[in-house]
Amino acid sequence: MNKIVIDPGHGGSDPGAVYKGYYEKNFTLEIAQSAVDFLEKIYDAEIYLTRKADESSGLSERSVFANNLKADLFVSIHINAGGGTGFESYIYTNAGSKTKAIQNKIHDFLSQFYKSQGFSDRGEKKANFSVLRNTKMPAVLLENLFIDNPKDLAQLLRPGFIQSLGVIIGEGIAKAADLTPKSITAPDQQPKPDPSPPAPAPTWKPEEEIERLKNEGLIANKHSPNDLVNWGEFAAVINRLLGKISNR
Ligand SMILES: [Zn+2]
């Protein structure tokens with residue numbers, strides 16, 4: 001099971017629930033994108049989104065998309081509204097045991113996360129929702145907090161929360177679908193970069209440089225290239241050089 005369709009609820013002309021200028025469709029897209037980024041980075045899986053932008057997409061279009069792909073799992077992401085708080089999940093009214101088992105895994109993982117953030121688990125539910133009814137593969141719909149509850153909305157707006165939620169949903173999907181983590185190449189097995197070309201051999205010859213100073217009368221004695229120069233010698237060389245230049 002590794003072909004997953006993630007469905008950011010609503011979009012385009014359908015904003016979903018709206019409260020104080022916040023649109024469900026924007027939250028669902030951000031959460032879904034975070035889940036996809038996480039899954040693609042960590043797991044060997046084919047992940048598809050029913051929409052990648054603020055686009056309109058009919059409910060039947062979404063299930064047809066997943067059915068044509070022959071996806072293994074469909075996960076629809078929503079934000080709740082209408083008075084309440086916390087998290088709940090849905091499968092189709094007549095869903096089979098396989099779908100129920102998948103709901104259990106995703107739900108348990110997510111509800112632990114929500115409880116750790118101080119939000120209640122409203123339970124695993126069933127409903128006759130279009131995307132659940134018309135998809136041929138196991139399908140789960142997640143209702144993440146209530147957009148019209150001030151505490152829930154504040155949590156949705158907390159910096160980093162949407163990204164974390166996306167990762168948690170991604171990890172829940174990975175557990176439910178039994179995805180395999182990508183194999184990581186050990187550092188010493190990674191291909192080594194081409195060795196850089198050898199540095200060109202130095203063209204200067206220290207002995208000849210010293211010989212030239214002697215020939216020019218700037219030094220009196222022959223020196224070894226590794227000999228240290230003291231200030232007296234250095235000053236003498238510079239002064240001889242200055243004398244030569246002023247005599248020109
Ligand atoms: Zn919705």
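Order of appearance sets the numbers: ligands from 1, and atoms from 1 within every ligand.
- Salt-bridge formation is not detected for the pair Asp14/Lys25: no Lys NZ or Arg NE/NH1/NH2 atom is positioned less than 4.0 Å from an Asp or Glu carboxylate oxygen.
- When the N, O or S atoms of His78 are ranked by distance to the Zn ion (ligand 1), ND1 comes first.
- Restricting His10 to its N, O or S atoms, the one at the least distance from the Zn ion (ligand 1) is NE2.
- Residue Glu24: an N/O/S atom is found under 2.8 Å from the Zn ion (ligand 1).
- Lys125 has no carboxylate O lying under 4.0 Å from a charged side-chain N of Glu143, or vice versa, which leaves the two without a salt bridge.
- Salt-bridge annotation for Asp7 and Arg62: present, with a side-chain N of the basic residue lying under 4.0 Å from a carboxylate O of the acidic one.
- Side-chain atoms of Glu24 come within 3.5 Å of backbone N or O of Ile79 as a donor-acceptor pair.
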